[in-house]
Amino acid sequence: MSTQKPSPAAASNDDPPPVPPERPAPDECCNSGCIPCVYDMYDEAMDRYRDALKAWRARQEPDGR
C-alpha cells in the first residue's frame with residue numbers, strides 16, 4: 001500500500017475548478033419584467049459559482065488555508 005500523497009497536479013485532475021455560468025445573450029431577456037428574469041437566474045448562478053470557486057481554491061491550498 002502506497003502512503004504517498006498525490007501531487008498537486010494529479011489532485012487538480014481529480015478536482016477540476018468550477019466552470020462559470022454562461023452570461024445570457026442580450027436577446028434572451030424579453031424586457032417584460034419576468035420573475036425570475038434570465039439575468040436574475042444568471043446572478044444566482046454566479047453567486048453559486050463564486051462560492052464553489054472559493055471552496056475549490058481553499059482545497060487547492062497545500063495547508064488548507
Side-chain angles (χ1 to χ4, degrees):
M1 182 183 333
S2 175
T3 59
Q4 292 180 352
K5 289 185 178 181
S7 69
S12 66
N13 290 336
D14 293 337
D15 187 15
V19 177
E22 189 172 323
R23 183 183 252 315
D27 63 344
E28 288 186 70
C29 177
C30 65
N31 293 307
S32 66
C34 297
I35 296 178
C37 175
V38 293
Y39 289 111
D40 295 331
M41 293 186 293
Y42 172 73
D43 289 342
E44 290 172 5
M46 278 301 296
D47 288 342
R48 289 189 300 273
Y49 166 72
R50 287 183 195 104
D51 290 343
L53 183 60
K54 184 177 179 180
W56 179 82
R57 285 180 175 159
R59 290 191 304 272
Q60 302 310 305
E61 292 293 324
D63 61 0
R65 283 197 273 163

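What you are looking at is a predicted structure, and each value in this text was computed from that prediction instead of being measured. Note that these values count all heavy atoms, side chains included, but never hydrogens, waters or copies made by symmetry. For reference, positions follow the sequence shown, starting with 1.
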Gap separating the OH atom of Tyr49 from the NZ atom of Lys54, nearest 0.5 angstrom: 14.5 Å
For residues Asp15 and Gln60, report the shortest heavy-atom separation together with the two atoms involved. OD2-NE2, 3.2 Å
Rounded distance [0.5 Å steps], CE in Met46 versus CG in Asp51: 10.5 Å
Distance, nearest 0.5 Å, that separates CE of Met41 from CD1 of Ile35: 12.0 Å
Nearest heavy-atom approach of Cys34 to Asp40 is O-OD2, 4.4 Å
Pairing residues for Asp47 by the salt bridge (Lys or Arg N to Asp or Glu O under 4.0 Å) criterion, not counting sequence neighbours: Arg50
Could you go through the side-chain contact (heavy atoms from CB on, under 4.5 Å) check for Tyr42 and Glu22 one step at a time? CA-CA 8 Å; Tyr42 172 73; Glu22 189 172 323; over 6 Å; no
Heavy-atom check, side chain of Cys29 versus side chain of Cys37, under 4.5 Å: yes
